[in-house]
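These notes are about the structure you will find just below.
Just so you know, ligand 1 is whichever comes first in the structure, and atom 1 is the first atom listed for that ligand. This chain uses plain numbering: 1 for the first residue, then up along the sequence.
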Amino acid sequence: MQLRSLVRLLAFAPHFARSSAKLTCKCLAGAACFPDASTLNAFSANLSHPLITGQRPPASVCYPDDPDYDTSACSIAVANDGNPTYLASKINALQYTNFQALINSTTVEDCPYDVQPGATCFQGRVPPYAVNATTVSDVQATLRFASQHNLRLVVRNSGHELMGRAFGVGALELFMHNFDTMQFSDNFIPVGAPKNTPGQYAVALGAGVQWGEVFASADQHNRSIAGGLAPGGTVGAAGGWTLGAGHSVLSPFYGLGVDNALQFFVVLPNSSFIIANKYQNTDIFWALRGGGGPSFGVVVSTTVRTHPNLPYTVAFYTATGNSSSAYTQLLEVWMQQHNAISDAGWSGVWPFLNNTLYLTFFTQGVPPTSHTANATMEHFFAASKKIPGVDVSLAISHPYPSFQAWNEDNLVDSSKGFGFNFSALAPGAPRMAYSSWLMPRQLTTPTNAKTLAKIISNITVGLPFFVGGGAVSKVDPDDSAVTPAWRTTISDMNIVPSFAAGPDVDIRDVQKTAFDQIDPIRKLAPPPTGGQYLNEPDILEVDWQQAYWGRHYPRLLAIKKTIDPLDLLIVRKGVNSEDWDDEITCKTA
Ligand SMILES: Cc1cc2nc3c(=O)[nH]c(=O)nc-3n(C[C@H](O)[C@H](O)[C@H](O)COP(=O)(O)OP(=O)(O)OC[C@H]3O[C@@H](n4cnc5c(N)ncnc54)[C@H](O)[C@@H]3O)c2cc1C
Ligand SMILES: *[C@@H]1O[C@H](CO)[C@@H](O)[C@H](O)[C@H]1NC(C)=O
Ligand SMILES: *[C@@H]1O[C@H](CO)[C@@H](O)[C@H](O)[C@H]1NC(C)=O
Ligand SMILES: *[C@@H]1O[C@H](CO)[C@@H](O)[C@H](O)[C@H]1NC(C)=O
Ligand SMILES: *[C@@H]1O[C@H](CO)[C@@H](O)[C@H](O)[C@H]1NC(C)=O
Ligand SMILES: *[C@@H]1O[C@H](CO)[C@@H](O)[C@H](O)[C@H]1NC(C)=O
Ligand SMILES: *[C@@H]1O[C@H](CO)[C@@H](O)[C@H](O)[C@H]1NC(C)=O
Ligand SMILES: *[C@@H]1O[C@H](CO)[C@@H](O)[C@H](O)[C@H]1NC(C)=O
Ligand SMILES: *[C@@H]1O[C@H](CO)[C@@H](O)[C@H](O)[C@H]1NC(C)=O
Ligand SMILES: *[C@@H]1O[C@H](CO)[C@@H](O)[C@H](O)[C@H]1NC(C)=O
Ligand SMILES: *[C@@H]1O[C@H](CO)[C@@H](O)[C@H](O)[C@H]1NC(C)=O
């Protein structure tokens, strides 16, 4: 034996020892171990809605050879391919079709809408079985059944997640979208709180409620709430968003989603229905706040704080460089002011593409309650106007009586908006490759402005969220499971190589481009100083445990092993997934 092989063998010796034990696999649909029809019928009889069987990809209705072929159903499916509201309610669809496909280094098994003659609609990662859950008992029965039969179980809410964790090959899907209740309270007290604990303003959100509905309802109750932004308002409020951290343009005023979460109703992997808050099941409460869905149980409802319904001054800005050097200078001038603008009380988003930088920035009060807000923003406006070759086509501010008033005019009805047009430009269907990085404020200082401007000018499309700082930075980093990097970041850099990668390109190449474009930032601020928001994941991230959780990972792993010893709720790059293959089908060690 050559020396090199011997060294390699020795290096892997512990793995050989472990793998000599029987490797475990999940029991997938179609395999002999999968429950037979009568067992499935008995399970179905236990549910509020019949078990969905033989579920096919959404475009199957467009394939002449498919048993589901139906031309009118196909027209509807095609017309709604980019409609987030429609897709959120479709049990067999995700928001981005590439996560419905099974893609590895050698093979792509998908079911595209543009049907080529003779093409087959592959099942891909669309779960063949699904539970349309509407009760706690549905959730418990499903977890029990999946454990008993060693099934691959996936939990699906709005389907927005950017790494395909809500679907899985040969899986049983638990569809949570129909838990749609909202209960507002001005005197909420967590269960188990000591006597005389004062009540607070809060709302209990069912697992399927979406942010657009929450914003509208909160406004009707004359309250405000830190929630996510998306076209159609379709990102789920209580599920993946909160479980991963949850950022909002109101976070600098009110904290992250996890900082506002007061209580969870959750079904644990062993089917126990529990309440987790700061008085009971405190380890699980800590892990649910940032550990990522659905690793620590299936959430049925999340109770979050509501806040006073205040007016906002919103600054809108658009500037274009007539050359790449003018554009890079514009980015440099912006990066010089970046931290000062946060400290002056602003939050927002700063999308950039095609040599153009946009700002949509919020500060509380009309006029702003922060006395430095106006002058600091005006300083940036003025400095950027002096750059040769930069055309500042918009630099205004607009008063809104409430956050919802802004949301109505800029997202719900974008025709009344200013500046960056979320409806026209935000990531749309059908395919998506993504990357992101939490940039620590030590990186985004004026000293580094030139370096960062060069890196940023190299990124095709950026959608950075300026949602850290302020209240986010004041929370004890160990209070919840989110990476401590969240507490020192101001901008969460989000990038997409293109808004919706068409079928003509190989999505694996686009993923590689996303990884490469964020990489210089990743290298300047590696974990634990920087990190990645696990809800805005890079599918190629390598050191994901450190990137998502930093020093919190060991505690998360220990809790996970205690509450989910059967590995029922494991997802790709989720807590305790390291010994599983990428599809969470078989153990690799
Ligand atoms: C267009 C768009 C806009 C976005 N805007 C924002 C934003 O403003 N702020 C922000 O922070 N993020 C934003 N995100 C990212 C978003 O937080 C994630 O996509 C998140 O995972 C969505 O959660 P979901 O429950 O809606 O979606 P899903 O894809 O259905 O679920 C996401 C993950 O959570 C799990 N899960 C879902 N429901 C439950 C449950 N009830 N119990 C346990 N686990 C569950 C799923 O298994 C999956 O792993 C955006 C994403 C998109 C595509
Ligand atoms: C149906 O529910 C009953 C009561 O909870 C349980 O004992 C039984 O195992 C369930 N059957 C199936 C097939 O899930
Ligand atoms: C890729 O997927 C195909 C189809 O599922 C499978 O046959 C093949 O072994 C996979 N290849 C790799 C390298 O995982
Ligand atoms: C799922 O449940 C919802 C709520 O009860 C119902 O409106 C819908 O028709 C159901 N869908 C299917 C496919 O069972
Ligand atoms: C709504 O809340 C705001 C902020 O607390 C308050 O100033 C205002 O008076 C309230 N409006 C109504 C109609 O109650
Ligand atoms: C960006 O520029 C390219 C090339 O000029 C153009 O095709 C594309 O439509 C532009 N994108 C946007 C969103 O303006
Ligand atoms: C950009 O604008 C500057 C200043 O107006 C001008 O000197 C320069 O020629 C322009 N460059 C291009 C490429 O248009
Ligand atoms: C600053 O205040 C002036 C005067 O009220 C106003 O015209 C301008 O739009 C404000 N700028 C910002 C960025 O809020
Ligand atoms: C934004 O884009 C949408 C969709 O293309 C369009 O309907 C709307 O009018 C646009 N808004 C503005 C202010 O241009
Ligand atoms: C810009 O991208 C190119 C091509 O990917 C790369 O060679 C170069 O180093 C990048 N520049 C910076 C500053 O990141
Ligand atoms: C379910 O798991 C929780 C957390 O590990 C544990 O406290 C509880 O005793 C378990 N319940 C049952 C019935 O085993």
For the residue pair Tyr548 and Trp544, categorise the inter-ring angle as parallel (less than 30°), tilted (30 to 60°) or perpendicular (more than 60°).
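Rings of Tyr548 and Trp544: tilted, 30 to 60°.
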is_close_aromatic(Tyr358, Phe352), centroid dist under 6.0 Å
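No, the ring of Tyr358 stays outside the 6.0 Å limit from the ring of Phe352, centre to centre.
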Atoms of ligand 8, numbered as shown, that sit under 4.0 Å from any heavy atom of Glu378:
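In order of numbering, the contacting atoms are 1 (C), 8 (C), 9 (O), 10 (C), 11 (N), 12 (C), 13 (C).
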Of all the atoms in ligand 8, which lie at a distance below 4.0 Å from a heavy atom belonging to Met377?
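That gives atoms 13 (C) of ligand 8.
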Short N or O distance, Ser397 and ligand 8, threshold 3.5 Å exclusive:
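Such a contact does occur with ligand 8.
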Under 3.5 Å between any N/O of Thr313 and any N/O of ligand 8: does that happen in this structure?
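Between Thr313 and ligand 8 (N or O atoms, distance only) the closest approach is not under 3.5 Å.
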Distance under 4.0 Å to a non-hydrogen atom of [X]: what atoms of ligand 3 satisfy this?
X      : result
Ser105 : 13 (C)
Leu102 : 5 (O)
Asn104 : 1 (C), 2 (O), 3 (C), 8 (C), 10 (C), 11 (N), 12 (C), 14 (O)

How many angstroms lie between CE in Met432 and NE2 in His160, if you round to the nearest 0.5 Å?
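Here the rounded value is 9.5 Å.
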Hey, are Glu583 and Arg572 close enough for a salt bridge, meaning a charged N less than 4.0 Å from a carboxylate O?
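Yes.
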Donor on one side chain, acceptor on other, Asn339 and Ser342, under 3.5 Å
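Note: Asn339 and Ser342 side chains miss the donor-acceptor criterion.
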Going by atom types alone, do Glu408 and Gln404 pair a side-chain donor with an acceptor below 3.5 Å?
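Short answer, yes.
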Does an N or O from Thr106, backbone or side chain, lie closer than 3.5 Å to an N or O of ligand 3?
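The answer is yes, given that Thr106 and ligand 3 share an N or O pair closer than 3.5 Å.
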Closest non-hydrogen atom pair, Tyr129 against Phe34:
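The pair with the smallest heavy-atom distance is CE1-CE2, 3.4 Å.
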Determine yes or no for a side-chain-to-main-chain donor-acceptor pair under 3.5 angstrom, with Thr369 supplying the side chain and Gln364 the backbone.
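Answer holds: yes.
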Within 45 degrees of the axis of the six-membered ring of Phe515 and under 6.0 Å from its centre: does Arg522 put its NZ or CZ there?
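Yes, a cation-pi geometry.
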Please determine whether side-chain contact (heavy atoms from CB on, under 4.5 Å) holds for the pair Thr318 and Val392, giving the CA-CA distance in whole Å, both sets of side-chain angles, and the decisive distance to 0.1 Å.
CA-CA 6 Å; Thr318 307; Val392 179; over 6 Å; no
Please list, by chain and number, the protein residues whose heavy atoms come under 4.0 Å of ligand 7.
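Protein residues near ligand 7 are Asn322, Gly389.
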